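On a predicted model such as this, the values are computed, not experimentally measured, just so you know.
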Amino acid sequence: MKKLRFRILYLFVSLLSFGSFAKNEPVPSDNNDNIDNSIIIERIDNEDIEVSIPSIVFPFSDVDVKLRFKNPQHTRLLFNKNKITFIINGEEKPLNFINGEVSFKKKFDKDQALAIFAEGFSYNHEITVISLWTILSPIIVVLGLIVFLMWRKTK
């Protein structure tokens with residue numbers, strides 16, 4: 001009789017454990033209410049954006065850096081209403097794209113590198129900054145040589 005009670009108790013406990021896990025309902029996610037599952041929002045990669053910087057950069061003027069999406073109908077642009085936040089040289093900067101293009105001003109006086117990051121996109125470029133002395137030195141030397149030759153010829 002003791003063995004029969006033990007077997008019935010064992011059978012009851014084992015059925016109870018299987019029965020309690022057999023009917024788990026999935027918990028609905030709170031985020032899925034507003035997302036249209038027919039549109040897949042792509043991440044921004046290096047192949048999606050072109051960066052253009054002028055070849056000559058002076059320390060006393062601002063440089064116009066341009067970013068252009070190769071596909072102006074990129075799903076990330078459409079999802080964010082043409083406003084994407086980039087990290088430019090360590091500081092976050094929201095940029096508003098118009099027809100897949102945007103430009104911003106950057107001054108290169110101390111740091112001579114441009115680093116742009118967003119999601120899967122990364123851009124690092126060393127900028128060659130031409131100082132004012134590099135431009136004025138040859139002009140001063142040529143003018144000095146002309147003045148010296150004129151002074152010598154009059155003597």
Side-chain angles (χ1 to χ4, degrees), residues 16-155:
L16 180 67
S17 65
F18 284 121
S20 64
F21 291 113
K23 194 170 181 178
N24 281 342
E25 294 181 14
V27 178
S29 176
D30 296 335
N31 301 0
N32 292 341
D33 297 340
N34 297 330
I35 295 177
D36 183 9
N37 290 331
S38 64
I39 298 174
I40 298 173
I41 301 168
E42 298 176 9
R43 290 179 53 89
I44 300 171
D45 292 331
N46 288 344
E47 292 82 30
D48 295 329
I49 297 179
E50 292 178 352
V51 180
S52 63
I53 304 170
S55 58
I56 299 173
V57 177
F58 300 109
F60 50 84
S61 66
D62 289 338
V63 176
D64 192 29
V65 179
K66 295 180 182 178
L67 301 176
R68 186 179 74 81
F69 269 89
K70 293 178 183 175
N71 177 12
Q73 299 299 321
H74 194 276
T75 54
R76 180 60 67 185
L77 279 174
L78 298 175
F79 184 72
N80 290 342
K81 297 178 182 154
N82 294 327
K83 187 174 185 179
I84 298 176
T85 302
F86 286 86
I87 299 173
I88 302 170
N89 285 355
E91 58 184 76
E92 288 188 13
K93 188 171 189 176
L95 300 175
N96 290 321
F97 285 82
I98 299 171
N99 294 330
E101 296 182 6
V102 70
S103 64
F104 62 92
K105 301 281 187 188
K106 179 77 175 130
K107 193 167 191 170
F108 294 99
D109 50 355
K110 295 177 184 173
D111 55 344
Q112 297 181 355
L114 179 64
I116 304 172
F117 301 103
E119 294 181 359
F121 174 76
S122 66
Y123 179 80
N124 290 312
H125 186 70
E126 290 292 323
I127 306 293
T128 304
V129 179
I130 301 173
S131 66
L132 186 60
W133 289 109
T134 308
I135 299 168
L136 294 178
S137 297
I139 296 171
I140 292 171
V141 169
V142 169
L143 287 176
L145 185 60
I146 291 172
V147 169
F148 176 72
L149 290 176
M150 289 178 68
W151 176 74
R152 193 168 172 206
K153 189 176 187 181
T154 58
K155 226 178 171 189

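Not one N or O on the side chain of S61 forms a donor-acceptor pair closer than 3.5 Å with the backbone of V57. No donor-acceptor distance shorter than 3.5 angstrom exists from the side chain of E119 to the backbone of R43, with no hydrogens or angles considered. Between the side chain of D45 and the backbone N or O of F121 there is no donor-acceptor pair closer than 3.5 Å.
The minimum heavy-atom distance linking F104 with K93 is given by the pair CB-NZ, 3.8 Å. In terms of heavy atoms, P94 sits closest to K83 at CB-CE, 3.7 Å. Heavy-atom minimum distance, S103 versus D64: CB-OD1, 3.4 Å. Between A113 and F108, the shortest heavy-atom contact is O-CE2, 3.7 Å. Closest approach of P72 to L77, counting heavy atoms only: O-CD1, 3.6 Å.
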*asked:* If you apply the rule side chain to side chain contact (heavy atoms under 4.5 Å, CB included), what do you find for L67 with I116, and how did you get there?
replied: CA-CA 10 Å; L67 301 176; I116 304 172; 4.1 Å; yes

*Begin from the C-alpha positions of F117 and N124 and carry the test side chain to side chain contact (heavy atoms under 4.5 Å, CB included) through to its verdict.*
CA-CA 9 Å; F117 301 103; N124 290 312; 3.7 Å; yes

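Legend: residues meeting side-chain contact (heavy atoms from CB on, under 4.5 Å) with N71, ordered by chain and number and at least two apart, are Q73.
Within a 6.0 Å sphere centred on NZ of K70, other residues, nucleotides and ligands contribute more than 12 heavy atoms. Counting heavy atoms of neighbouring residues, nucleotides and ligands inside a 6.0 Å radius, atom CD1 of I98 does not exceed 12 of them. Within 6.0 Å of CG on N96 lie more than 12 heavy atoms contributed by other residues, nucleotides or ligands.
The CG atom of L114 sits 7.5 Å away from atom CD1 of I88, with the distance rounded to the nearest 0.5 Å. Separating the CZ atom in F86 from the CD1 atom in I49 is a distance of 4.0 Å, to the nearest 0.5 Å.
The aromatic rings of H125 and Y123 lie parallel to each other, with less than 30° between the two planes, well short of the 60° mark. In this pair, F97 and F69 present their aromatic rings perpendicular. The plane angle is above 60°, beyond the 30 to 60° band.
Just one residue in the list N89, I53, D62 forms a side-chain contact (heavy atoms from CB on, under 4.5 Å) with K106, and that residue is N89.
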